[in-house]
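Per chain, numbering begins at 1; letters A, B, ... match sequence-line order. Hydrogens, waters and symmetry mates play no part in the numbers below; they use all other heavy atoms, side chains included.
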Protein chains: 2
Amino acid sequence: MTAQHHPERRPEDYDARVSPFVERFAADLTEAGMQRMAARVFACLLASEQGALSSAELSERLRCSPAAVSGAVRYLSQVHMISREREPGSRRERYRLHQDIWYETFTNRDAFLDRWTATLRSGSEALGPDTEAGRRVRETTEFFDYLKGELGGLLERWRAQRDATGGGPGGAEPPRARD
Amino acid sequence: MTAQHHPERRPEDYDARVSPFVERFAADLTEAGMQRMAARVFACLLASEQGALSSAELSERLRCSPAAVSGAVRYLSQVHMISREREPGSRRERYRLHQDIWYETFTNRDAFLDRWTATLRSGSEALGPDTEAGRRVRETTEFFDYLKGELGGLLERWRAQRDATGGGPGGAEPPRARD
DNA sequence: CGCTTACTTCAGAAATTTGTGAAGTTAAGG
DNA sequence: CCTTAACTTCACAAATTTCTGAAGTAAGCG
């Protein structure tokens, strides 16, 4: 019944060494506003050898019901942090972290920023151009606009830097096949 | 009973024009993980003429109990988004948005990033340097380190740009006295 | 074709968060 | 001093979130 097909570390290592990290990082994410189970699933995938696990593997490692996993992965794929793929010739589904997970995730934050700036713009109109409150809200709008504008470049630079470093000696990262 | 000492817009304007904005922006913040009442108080201060309100004013505008305001402002000052000041010769306290609120707020996010990178570093050790999971977690650590490093400069550049713009013609923003 | 596995959905129990009224504390002002 | 205003703290009620077991659906496999 246990999933030992992969050249992963021995299962007992998960509990002893990996689980504490998963739970701690999940707690960090939860504190920052993420749903708890979604955070646990995400952290568990991050710490998995392949960056992908099935529902059964997740519910075993996290000691929670398949139902809880189901809810969490639905959320995570809605916000584009994971993708779901079917193992061919099996009804087992695998939930996989996106390639370039942080690039993806932070890019999707644009949607948040757009909503916020829309709200703020309507607010600055309601307050009027000749009030201090209006000025403050306008400045806030400009801040988030600026942030949005900068974010893209920042992410690109990080990607470039990472790829440059990874290309050095030490064989850290084989240029991952796109599929 | 009503506070009409300030050259604010007429009180009825708050309900009709400002409150919808306050509630909408508060909802945006809540959706992003902020406590609801804290978000409402913050949004209300943002939309206030002076960037500062007393507990009574807040509980009137938000139609909530003084107790709820008390809890929210405690939280907001813990995370350094507002400061509390006493009006001299009065037992009325005012809660004031920090100057440079976004600069401050995002700078304080460093604490979050520090906690995350600490967790991630311990995780990459637990996973070991020769595993794909370890590599992934290490890359994540590096991403957040990079983010932290860039954030300071980004904020400085925004501040510089804003101050430059504000200094132009049109008298948009008098160089705010530090006190 | 049914059997079985793998996942999803749903109703509800449990836990957590949120906000209130009431009582308490502190300090201004007569 | 005593009164009163302004906030805080606390206990509890209400609302919300979170997770589970049970029942349902779909697809591989014999």
Side-chain angles (χ1 to χ4, degrees), chain A residues 1-6 22-23 26-27 29-45 52-79 82-96, chain B residues 1-5 19 22-23 26-27 29-45 52-79 82-96:
Chain A
M1 277 310 170
T2 57
Q4 295 188 325
H5 311 102
H6 310 300
V22 167
E23 297 303 330
L29 294 172
T30 301
E31 200 176 356
M34 196 172 184
Q35 296 170 10
R36 190 184 337 169
M37 190 58 78
R40 295 181 72 211
V41 166
F42 178 76
C44 196
L45 288 172
L53 294 169
S54 67
S55 175
E57 289 166 330
L58 283 165
S59 80
E60 184 194 333
R61 294 183 184 203
L62 299 174
R63 299 173 174 285
C64 68
S65 71
V69 172
S70 178
V73 298
R74 177 150 43 98
Y75 171 78
L76 287 171
S77 60
Q78 273 172 0
V79 300
I82 66 172
S83 55
R84 348 174 53 142
E85 44 188 61
R86 184 66 65 126
E87 290 178 20
S90 159
R91 47 231 155 309
R92 190 167 262 174
E93 202 152 18
R94 317 209 79 203
Y95 306 109
R96 174 176 301 283
Chain B
M1 279 310 171
T2 56
Q4 296 189 325
H5 311 102
S19 177
V22 167
E23 297 304 329
L29 294 172
T30 301
E31 199 176 356
M34 194 172 186
Q35 295 170 11
R36 190 183 338 170
M37 191 58 79
R40 295 181 73 211
V41 166
F42 178 76
C44 196
L45 288 171
L53 294 168
S54 67
S55 175
E57 289 165 330
L58 283 165
S59 79
E60 184 193 332
R61 295 183 183 203
L62 299 174
R63 299 174 171 284
C64 68
S65 70
V69 172
S70 177
V73 298
R74 176 148 46 98
Y75 171 78
L76 287 171
S77 60
Q78 273 172 358
V79 300
I82 65 171
S83 54
R84 348 175 51 143
E85 43 188 61
R86 185 65 66 127
E87 289 179 19
S90 159
R91 48 230 155 308
R92 188 167 262 177
E93 202 151 18
R94 316 208 80 202
Y95 307 109
R96 175 176 300 283

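Atom-to-atom, CZ of R74(B) to P of dT18(C) comes out at 13 Å; the value is rounded to the nearest Å. For the pair R94(A) CZ and dA6(C) P, the interatomic distance rounds to 13 Å; values are reported in whole Å. dT18(C) atom P lies 14 Å from atom CG of L29(B), rounded to whole Å. Here dT8(D) presents its P atom at 6 Å from CD of E93(B), a figure rounded to the nearest Å. Here dC7(D) presents its P atom at 13 Å from CD of E60(B), a figure rounded to the nearest Å.
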Between the protein and nucleotides 13-20 of chain D, which nitrogen or oxygen pairs come in under 3.5 angstrom?
unit_1: dT20(D); atom_1: OP2; unit_2: S65(A); atom_2: N; d: 3.0
unit_1: dT20(D); atom_1: OP2; unit_2: S65(A); atom_2: OG; d: 3.1

Between the protein and nucleotides 27-30 of chain C, list the N/O to N/O atom pairs that are separated by less than 3.5 angstrom.
unit_1: dG29(C); atom_1: OP1; unit_2: G89(B); atom_2: O; d: 3.1

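OP1 or OP2 of dT8(D) has at least one side-chain nitrogen or oxygen of R84(B) nearer than 4.0 Å.
Of the inter-residue distances, the one linking R92(B) atom CZ with S54(B) atom OG reads 4.5 Å to the nearest 0.5 angstrom. To the nearest 0.5 Å, atoms OH (Y95(B)) and SG (C44(B)) are separated by 13.0 Å. How far CZ of R84(B) is from OG of S77(B): 4.5 Å, rounded to the nearest 0.5 Å. Taken to the nearest 0.5 Å, the OG1 atom of T30(A) stands 9.5 Å off from the CD atom of Q35(A).
Enclosure of atom CZ in R63(A) is not indicated, since only 12 or fewer non-hydrogen atoms of other residues, nucleotides or ligands lie within 6.0 angstrom.
Among the heavy atoms of the strands lying under 4.0 Å from S70(A) is at least one base atom, whether or not backbone atoms are also near. Contact annotation for Y95(B): backbone-only contact, meaning every heavy-atom pair under 4.0 Å involves sugar-phosphate atoms and none involves a base.
Residues satisfying the side-chain hydrogen bond (donor to acceptor under 3.5 Å, both in side chains) test with E85(B), not counting sequence neighbours, are R96(B).
A donor-acceptor distance shorter than 3.5 angstrom exists from the side chain of R40(B) to the backbone of L62(B), with no hydrogens or angles considered. Panel note: side chain E60(A), backbone E57(A); no donor-acceptor pair is recorded below 3.5 Å.
Put simply, the residue from V22(B), I82(B), L58(B), L53(B) that forms a side chain to side chain contact (heavy atoms under 4.5 Å, CB included) with V41(B) is L58(B).
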